[in-house]
Amino acid sequence: MTGIFALGPGVKLQPDLQVIVHPGGQLPTALVGILRVDIDLVQWAKSQGVAL
């Protein structure tokens, strides 16, 4: 399950949740969570009024 959420101009958050059934064949089922942050510095700076 995943989705992308805009936190502001140039900043996005993408959580990712995965269930891995028997990784490696013998290990118990694993739940993995990832949180990805994407920052576009040019877009963010322009939104703050910084001249580039």
Side-chain angles (χ1 to χ4, degrees):
M1 178 169 57
T2 187
I4 298 175
F5 305 96
L7 298 180
V11 182
K12 299 175 191 162
L13 181 68
Q14 181 178 12
D16 184 8
L17 187 61
Q18 301 177 21
V19 176
I20 303 172
V21 180
H22 299 296
Q26 296 183 1
L27 298 173
T29 300
L31 180 63
V32 179
I34 299 169
L35 192 57
R36 177 179 174 175
V37 178
D38 181 28
I39 302 172
D40 182 342
L41 293 175
V42 173
Q43 186 178 4
W44 179 82
K46 287 181 180 179
S47 74
Q48 300 300 313
V50 176
L52 299 175

Do Leu27 and Leu31 share a hydrophobic cluster, counting only Ile, Leu, Val, Met, Phe, Trp and Tyr and linking them when any side-chain heavy atoms are less than 4.5 Å apart?
no
Testing the basics here: between Pro23 and Pro28, what is the closest heavy-atom pair and its distance to 0.1 Å?
CD-O, 3.2 Å
Separation between CG of Leu35 and CG of Leu17, rounded to the nearest 0.5 Å
11.5 Å
At what distance, to the nearest 0.5 angstrom, does CD of Gln14 lie from CZ of Phe5?
9.5 Å
Search all heavy atoms of Gly3 against all heavy atoms of Pro15 and return the closest pair with its distance.
O-CD, 3.3 Å
Classify the side-chain pair Gln18/Asp16 by whether it contains a donor and acceptor separated by less than 3.5 Å.
yes
Of all pairs that satisfy side chain to side chain donor-acceptor pair (under 3.5 Å), the ones with a partner from residues 25-34, not counting sequence neighbours
none
Pairwise side-chain contact, Val11 with Asp38, heavy-atom cut-off 4.5 Å (strictly under):
no
Residues joined to Ile20 in its hydrophobic cluster, side chain to side chain under 4.5 Å directly or through other members, sorted by chain and number, are Val32, Ile34
Taken in chain and number order and not counting sequence neighbours, the residues that satisfy side chain to side chain contact (heavy atoms under 4.5 Å, CB included) with Gln43 are Asp40
